[in-house]
Protein chains: 2
Amino acid sequence: MARKRFDDSSCSVARALNEVGDWWSLLVVLHAMYGTRRFVDFQQELGIARNILCDRLARLVDNEVLKKVDVGEHGSRFEYRLTEKGRDLFPIVIALRQWGDKWNPAPDQPALDLRDRASGRPIRPVTVQNADGDSLTVRDVFVRDDSEATLRKDKKQTG
Amino acid sequence: MARKRFDDSSCSVARALNEVGDWWSLLVVLHAMYGTRRFVDFQQELGIARNILCDRLARLVDNEVLKKVDVGEHGSRFEYRLTEKGRDLFPIVIALRQWGDKWNPAPDQPALDLRDRASGRPIRPVTVQNADGDSLTVRDVFVRDDSEATLRKDKKQTG
DNA sequence: TAATCTGGTTTTAAAATGCAACCCTATTAG
DNA sequence: CTAATAGGGTTGCATTTTAAAACCAGATTA
């Protein structure tokens, strides 16, 4: 049988992956962040099959990550632009890029150098931080269980 | 034909997605961060097919996101534990969770409450920051092109 | 000795993917 | 005015992946 979906999963990570967790969607979002807006440009830059690109764009529009804008200009009639929800994927995309650059660096070319437009200086590595802005590892955090405040049972859950 | 792979892509995001960008891998990593280590536990918590779990665990071990440890204890003979590379996915997983909680909140239950173990206070939203620690949007950054320092040509590239 | 647990592999059917070909509208070239 | 071309898709088909369930084998427990 076919791929399982997580639409109604109690885990928000699973629900997020349901919207942008397949092979192409996040790459489409990435290129949209770099300024790509037109169907043919996505297609050529990504090397994605046209029907798959159609499907991904439609799904991203359905999920309100992109919006489809009718621009009546010569030839190119539609543009796909990021919504606020889509732009909000920025930390995820950058964190993925940094992880890839760190652990699977391209042998020949250097890592992409992203900089703050205002200062011209490089951005920081994306980290999880506490209220004071100190970076935390997975071992530095705990889940404050909801039931902790009321009743202690049924701990294990997907998510 | 089958799924395209990005092993040799010049884009580090594509290479990262090649390792953890499918439907299950990141959920496996997520549960590993929550403490899951044994095959059967992953299988039950995720509701994943056993053959797919086998494949994902093997791929994650191949990519050095997990390591397979032989523990000769009663019954459970292997454990899958996160490597440093795997633990380094922490910001990505948390950013995904926060994005999911923000844009697709579960109707009934509240968002997972992650806290700093030391202070007991909630963690911050994961953001991209400049050198001073100020949060940046996608519009606040630019790519310092490598060729910018030498020669200005051939701008467009996957990644 | 039988039942059970762990960690798989095999089989089978349903989806997803990639490629190429086709379609329709709007623009540009001649 | 007609032909060629670009944008944005849709359709058909062969190949891969996936999911589910059945099966398997070594070690432990009953």
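Lettering of chains follows the sequences in order, A, B, ..., and the numbering in each one begins at 1.
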Answer yes or no: does a side-chain N or O of B:R77 lie under 4.0 Å from OP1 or OP2 of D:dG26? no
Set of side chain to side chain contact (heavy atoms under 4.5 Å, CB included) partners for B:R115, sequence neighbours left out: A:F142, A:R144, B:D113, B:P122
Nearest 0.5 Å, please: how far is OG in A:S12 from CG in A:N18? 12.5 Å
What's touching nucleotides 8-10 of chain C from the protein side, N or O pairs under 3.5 Å?
{"unit_1": "C:dG8", "atom_1": "OP1", "unit_2": "B:K68", "atom_2": "NZ", "d": "3.0"}
{"unit_1": "C:dG8", "atom_1": "OP2", "unit_2": "B:K68", "atom_2": "NZ", "d": "3.2"}
{"unit_1": "C:dG8", "atom_1": "OP2", "unit_2": "B:Y80", "atom_2": "OH", "d": "2.3"}
{"unit_1": "C:dG8", "atom_1": "N7", "unit_2": "B:R50", "atom_2": "NE", "d": "3.1"}
{"unit_1": "C:dG8", "atom_1": "N7", "unit_2": "B:R50", "atom_2": "NH2", "d": "3.0"}
{"unit_1": "C:dG8", "atom_1": "O6", "unit_2": "B:R50", "atom_2": "NE", "d": "3.2"}

Show every donor-acceptor pair shorter than 3.5 Å between a side-chain atom in residues 51-60 of chain B and any protein atom, with sequence neighbours excluded, or say none if there are none.
{"unit_1": "B:R56", "atom_1": "NE", "unit_2": "B:D22", "atom_2": "OD2", "d": "2.6"}
{"unit_1": "B:R56", "atom_1": "NH2", "unit_2": "B:D22", "atom_2": "OD2", "d": "3.4"}

Distance, rounded to the nearest Å, where A:I52 contributes CD1 and D:dT17 contributes C1': 13 Å
Could you tell me how far apart B:L53 (CG) and C:dT6 (P) are, to the nearest whole angstrom? 14 Å
Give the rounded distance in Å between these two atoms: CG of A:N18 and C1' of D:dT18. 15 Å
Given atom CG of B:D41 and atom C1' of C:dG7, what is their separation to the nearest angstrom? 12 Å
B:Q44 has an atom CD; how far is it from atom P of D:dA20, in whole Å? 15 Å
Closer than 4.0 Å, any side-chain N/O of B:W24 to the OP1 or OP2 of D:dA19? yes
d(CG, B:D55; P, D:dT17) in whole Å: 9 Å
Shortest non-hydrogen contact from A:P91 toward B:V128: CA-CG2, 3.7 Å
Find the distance A:D22:CG to D:dT18:C1' and express it as a whole number of Å. 14 Å
With rounding to the nearest 0.5 angstrom, report the CD1 to CZ distance, A:I123 to A:R117. 12.5 Å
Derivation and outcome, side chain to side chain donor-acceptor pair (under 3.5 Å), residues A:T36 and A:E45: CA-CA 9 Å; A:T36 303; A:E45 290 170 18; 2.7 Å; yes
D:dG8 C1' sits how many Å from A:R56 CZ, rounded? 18 Å
